[in-house]
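Position 1 is the first residue of the sequence, and the numbers go up from there.
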Amino acid sequence: MKSPFDLQDALFIGFCATLLVVLKSMMRLKLGLSGHSMFLMTFFYLVCYGAVGRVGAITACGFLSGLVAMMLSVGKGGPLILLKFGLPALAMDIALLVMAGLFSLRWQCIVLGLVGCFAWAAKGWIGNLLAGMSAQVAVVQFGISFLQGGAFATAAALLVPSVLRRLHAHDLLHRNQLDNDK
């Protein structure tokens, strides 16, 4: 296993991060549902990991997405946008270290998506507490955010294995990466 990212990996991470921010800024959907941003985040983070195949790729993509969003002034929060993109990515990478090889590709994607959603909702919960919201209301808000974001994250995670298989079928992924997950 190679430890540093090579040029191809770095370019793909940058591509996923930039495409995530561009699509998020173009679509600016006002669905009235909390958590719809977890769809794009989960999808691109998991495709990035699936294509690069190294722990740390999700975190690199997440923090790079935050930097790109900050430079392009996408979203609100200023420098805190790094946390919006980076915390779910970091949580997904940590979970990947803990559960390496325990699940098939589909279940691994679902669990990673839900872990990222948990970190995303926890960031909102801490923000609500710091803003002075009562603990009971903040917990209810956290639960609602997690359920809604979890639905979007699960939907995105279910798409990732088929995308990775298509990339693998066209020889765009490293050779033996998906052979163990079939």
Which residues share a side chain to side chain donor-acceptor pair (under 3.5 Å) with T59, sequence neighbours left out: D93
statement: The side-chain contact (heavy atoms from CB on, under 4.5 Å) partner of C109 among V47, L46, L158 is L46
Which atom pair, heavy atoms only, marks the closest approach of [X] to [Y]?
X	Y	result
G113	A153	O-CB, 3.6 Å
M92	V115	N-CG1, 4.2 Å
K24	K84	NZ-NZ, 4.1 Å
Y45	A89	CE1-CB, 3.8 Å
L159	S162	O-OG, 2.9 Å
A138	L129	CB-CD2, 3.7 Å

State, with a plain yes or no, whether a side-chain heavy atom of [X] is found less than 4.5 Å away from one of [Y].
X	Y	value
M70	L67	yes
C61	F12	no
L20	F85	yes
F44	S65	no

- prompt: Mind checking who shares a hydrophobic cluster with V98, ILVMFWY linked at side-chain heavy-atom distances under 4.5 Å?
  reply: none
- prompt: So which residues get pulled into L83's cluster when ILVMFWY side chains under 4.5 Å apart are joined, directly or through others?
  reply: L80, L87
If Ile, Leu, Val, Met, Phe, Trp and Tyr residues are connected whenever their side-chain heavy atoms lie under 4.5 Å apart, and connections chain through other members, are [X] and [Y] in the same group?
X	Y	result
L11	I13	no
F146	M133	no
L97	L102	yes
L112	L147	no
M41	I94	no

message: Tell me if a side-chain donor or acceptor on T18 pairs with a main-chain N or O of F15 at a distance below 3.5 Å.
response: no
Can you tell me how far apart [atom1] ([X]) and [atom2] ([Y]) are? Round to the nearest 0.5 Å.
X	Y	atom1	atom2	answer
K123	S145	NZ	OG	9.0 Å
T154	M38	OG1	CE	9.5 Å
M71	I81	CE	CD1	12.5 Å

- request: Check the angle between the aromatic planes of F39 and F43 and answer parallel, tilted or perpendicular using the 30° and 60° thresholds.
  value: parallel
field: Evaluation steps, side-chain contact (heavy atoms from CB on, under 4.5 Å), between F152 and S37
entry: CA-CA 8 Å; F152 285 105; S37 64; over 6 Å; no
- request: Starting from the C-alpha separation in whole Å, work towards a yes-or-no answer on ring-ring contact (aromatic ring centres under 6.0 Å, His included) for F142 and F118.
  value: CA-CA 9 Å; F142 167 79; F118 184 83; 5.4 Å; yes
